[in-house]
*Asks:* 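Structure provided below as structure tokens; questions to follow.
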Amino acid sequence: MTEPSETDLIERAQRGDRSAFEALLCSHYDAMYRMAYKWCGNREDAQDITQTACIKLARALASFRFQSAFLTWLYPLVINTAKDWARAHARHPTGDGKDPDYAEAPVAEQKVYAGQVLDRIRALPEREREAIYLVFSEGLSHREAAQAMACRESTVSWYIHEARKKLRLLLERESRHG
Amino acid sequence: MDERQLKEILGAEEVPPADENARKQAINLALAAFDEARRETRKKRQGFGMLGRLMSRDSKRPKGRPMRMSYVFGGTVAAILVMATASVFTVRNFLDSQRADPAFLMVGEGDIAVPQPAPNVAQTTLQKAANQPSTAAREQLERQFLRSSPVQGGGVPTLIAPGPGESGQPPHYQDVGRDQFQSVEQNPVKRVAEDPVSTFSVDVDTASYAFVRRQLNHGVLPQKDAVRIEELINYFTYAYPLPEARERPFESTVTVTPSPWKAGNKLIHIGIKGYDIEPTQKPRSNLVFLLDVSGSMNAPDKLPLMVTSMKLLLDTLGPEDTVAIVVYAGAAGTVLEPTKVAEKHKILAALDRLQAGGSTAGAEGIRQAYALAEASLDDKAVNRVILATDGDFNVGITNREELKDFIERKRASGIFLSVLGFGQGNLNDHLLQTLAQNGSSCRCWASARAT
């Protein structure tokens with residue numbers, strides 16, 4: 001989707017054009033779902049989170065002011081929905097959060113290591129995790145991430161520093177104890 | 001670990017594509033919310049005619065302000081709404097539920113008004129509630145009543161039949177299906193003076209919600225008796241305060257409000273929340289899976305779904321827990337003797353060997369399962385038989401009462417029963433409910449897990 005037509009769609013949707021809003025949803029559903037999945041690591045939850053985020057978008061769209069890229073603006077919407085979701089469903093653990101046949105995958109070692117790192121990232125404090133995810137997974141600059149997280153750029157850098165310190169410590173401890 | 005590695009790992013995580021139905025449903029729901037927001041804005045503009053038009057034309061923030069105002073407006077309406085729906089559902093629950101799960105009472109000063117059948121009650125409430133807010137709010141209320149389920153959390157409608165209902169075509173409805181449900185009798189209104197004691201059961205059945213959701217997702221109205229309101233309400237986890245210590249088995253949250261349909265009457269809403277045991281402290285489990293592999297289970301949403309569910313359950317067990325598997329079809333047989341979860345591969349292999357075929361000697365299966373559970377009975381552990389079936393018992397004891405007695409006797413020996421229902425078209429809901437209630441346990445229904 002090219003930039004001008006996205007802007008056009010958003011403006012029309014903000015004026016109450018239903019079909020424009022529908023087109024906007026269709027073109028961004030996958031991106032929103034992907035954000036949700038990366039956050040929670042589970043297909044069913046990601047779908048539910050995306051659904052709630054889409055419903056929220058119907059009202060929230062009016063407050064989008066074109067001060068950042070639309071996608072950057074969407075991150076906090078989806079991630080906050082995901083956080084609320086995680087809190088509401090904390091009492092219903094779904095297995096260990098991994099794909100059931102993950103461990104049986106043939107390319108074992110690489111995948112297992114990656115899986116461990118992902119688990120560690122998911123166990124980080126929310127804000128640090130959010131920063132790591134926006135910068136390393138979504139490729140946002142620290143400045144853009146700061147915009148999405150509504151904090152200062154230096155705070156983002158600090159979150160990332162802290163998170164990496166924790167990840168490194170955890171992984172080192174792991175390798176020492178075999 | 002350096003940045004590049006982190007980026008690679010995060011980037012390489014595979015994201016399975018979202019289910020097409022989930023996508024459509026999300027978009028439909030969002031569009032419904034969009035329409036709602038738009039209607040509110042329009043109402044707002046009509047109400048403040050001049051002002052609305054002045055602001056929406058050439059101001060620097062063309063869309064922002066009216067929408068934001070309407071947002072505040074929407075907030076108040078939602079608040080009124082939550083109260084209104086909550087009370088109606090309270091009453092409907094009171095009227096409809098056989099075993100009022102969260103107990104509901106009605107107290108009057110003097111005589112107790114007998115509410116008319118539920119739809120009228122809903123209407124009265126609407127009118128009463130609508131007296132205070134504006135016409136817009138009233139329309140809003142009506143709309144909500146017609147379209148949404150109990151308002152949960154942020155006021156997001158959770159149960160809207162997609163597609164057919166919108167376009168004006170009545171969805172397919174069939175009151176009699178092959179799925180059997182016990183018909184629901186409305187609870188009578190009782191005088192507190194005559195019946196001062198009310199009891200409630202602490203089990204939480206949720207099967208009805210999952211079944212109804214599945215039917216609605218397929219554009220079919222569920223059978224009337226399949227809709228058990230207390231199960232719809234109990235499906236969700238409510239944020240009632242928890243008891244602080246284990247000594248207090250449950251905490252009650254009581255709200256008293258003036259009755260919306262008769263001045264002078266009071267409506268009491270009692271929410272019960274049980275003590276929450278930390279999952280980390282769970283005792284050892286001694287489980288026997290009793291799996292129905294009869295011919296009727298031969299459908300993608302039955303046996304394969306059941307096997308997947310059992311595997312998921314396995315993942316939550318500790319290495320010291322034991323699992324045994326009994327299957328039944330034409331005859332019942334033990335597929336796996338009690339095995340420690342540490343030897344998970346054995347259990348998985350046994351599950352993968354299952355095939356569907358034959359008739360259904362359910363009663364014999366239940367006997368064998370209990371025998372196995374007794375053989376490895378551990379007083380300190382959770383001893384439980386987990387029955388997974390589509391509910392069709394057609395060989396051996398088919399008499400409900402006889403089965404019920406058997407399960408009740410076993411409960412006294414410390415072995416409990418959980419019942420999981422699968423598929424549709426054959427679901428004998430009443431039998432399963434009888435079994436689960438007498439096995440001192442819950443019964444739920446598994447909807448398809450799209451893979």
Side-chain angles (χ1 to χ4, degrees), chain A residues 11 13-16 18 21-22 25-26 29-30 32-34 36-38 41 43-44 46-48 50-59 61-63 65 84 88-89 91-96 98-101 110-111 113-115 117-118 121 132-133 135-139 164 167-168 171, chain B residues 1-3 5-19 21-23 25-38 40-42 56 61-68 70-71 74 153-154 156-157 236-237 239 276 279 308 311-316 348 449-451:
Chain A
E11 282 185 336
Q14 284 180 333
R15 278 195 296 268
R18 192 174 197 270
F21 182 65
E22 188 172 3
L25 279 177
C26 289
Y29 180 88
D30 287 337
M32 290 168 76
Y33 164 77
R34 200 172 151 274
Y37 186 93
K38 291 253 172 175
R43 189 168 181 250
E44 274 71 36
Q47 284 173 179
D48 285 340
T50 317
Q51 173 172 317
T52 312
C54 283
I55 294 168
K56 277 192 190 170
L57 181 63
R59 275 183 193 278
L61 187 64
S63 63
R65 304 256 181 276
D84 291 346
H89 291 74
R91 309 295 315 169
H92 298 299
T94 52
D96 53 3
K98 276 185 218 135
D99 202 334
D101 39 48
Q110 206 58 351
K111 269 197 152 169
Y113 175 70
V117 176
L118 286 173
I121 292 176
I132 286 275
Y133 162 77
V135 172
F136 292 111
S137 173
E138 298 299 317
R164 286 185 55 191
L167 288 174
R168 193 165 51 232
L171 291 168
Chain B
M1 184 171 36
D2 57 25
E3 283 192 17
Q5 241 182 324
L6 250 181
K7 245 180 222 174
E8 261 171 26
I9 287 171
L10 278 163
E13 189 190 5
E14 285 160 28
V15 180
D19 181 44
N21 280 333
R23 182 193 160 98
Q25 197 181 353
I27 291 178
N28 282 338
L29 285 171
L31 283 173
F34 183 77
D35 290 343
E36 198 119 312
R38 201 166 43 148
E40 281 167 26
T41 319
R42 214 182 292 145
S56 63
R61 293 174 157 183
K63 307 100 206 165
R65 298 202 50 189
M67 280 301 272
R68 206 177 336 144
S70 80
Y71 193 72
V156 179
F236 299 98
T237 308
D276 209 5
T308 317
K311 286 181 182 169
L312 283 175
L313 175 60
L314 265 189
D315 287 342
T316 66
L348 289 175
R449 175 191 159 93
T451 40

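In the text below, chain A, chain B and the rest are named by the order of the sequence lines, each starting its count at 1. These numbers come from a predicted model, not from an experiment.
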*Asks:* Taking it one step at a time, do A:Gln47 and A:Tyr33 satisfy side-chain hydrogen bond (donor to acceptor under 3.5 Å, both in side chains)?
*Replies:* CA-CA 6 Å; A:Gln47 284 173 179; A:Tyr33 164 77; 4.9 Å; no

*Asks:* Which of the residues A:Leu25, A:Ile132, A:Thr50 is involved in the greatest number of heavy-atom pairs with chain B at under 4.5 angstrom?
*Replies:*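 Between A:Leu25, A:Ile132, A:Thr50, the count favours A:Leu25.
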
*Asks:* Looking at OH of A:Tyr29 and CZ of A:Arg34, how far apart are the two atoms once the value is rounded to the nearest 0.5 Å?
*Replies:*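 Reported value, rounded in 0.5 Å steps: 14.5 Å.
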
*Asks:* In terms of heavy-atom proximity below 4.5 Å to chain B, should A:Ser137 be classed as side chain, backbone, both, or neither?
*Replies:*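 For A:Ser137, heavy atoms of backbone and side chain both lie under 4.5 Å from chain B.
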
*Asks:* Say you draw a straight line from CZ of B:Arg38 to CZ of A:Phe21; how long is it, rounded to the nearest 0.5 Å?
*Replies:*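 Separation between the atoms: 10.5 Å.
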
*Asks:* Considering only heavy atoms and a distance below 4.5 Å, find which of A:Lys38, A:Lys56, A:Glu138 pairs most often with chain B.
*Replies:*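 Highest number of pairs under 4.5 Å: A:Lys38.
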
*Asks:* Please look at A:Leu61 and chain B and tell me whether the side chain, the backbone, both or neither of the residue comes under 4.5 angstrom of a heavy atom of that chain.
*Replies:*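 No part of A:Leu61 comes within 4.5 Å of chain B.
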
*Asks:* Keeping the roles fixed (side chain from A:Arg43, backbone from B:Pro17), state whether a donor-acceptor pair exists under 3.5 Å.
*Replies:*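 Pair found, side chain donor or acceptor close to backbone of B:Pro17.
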
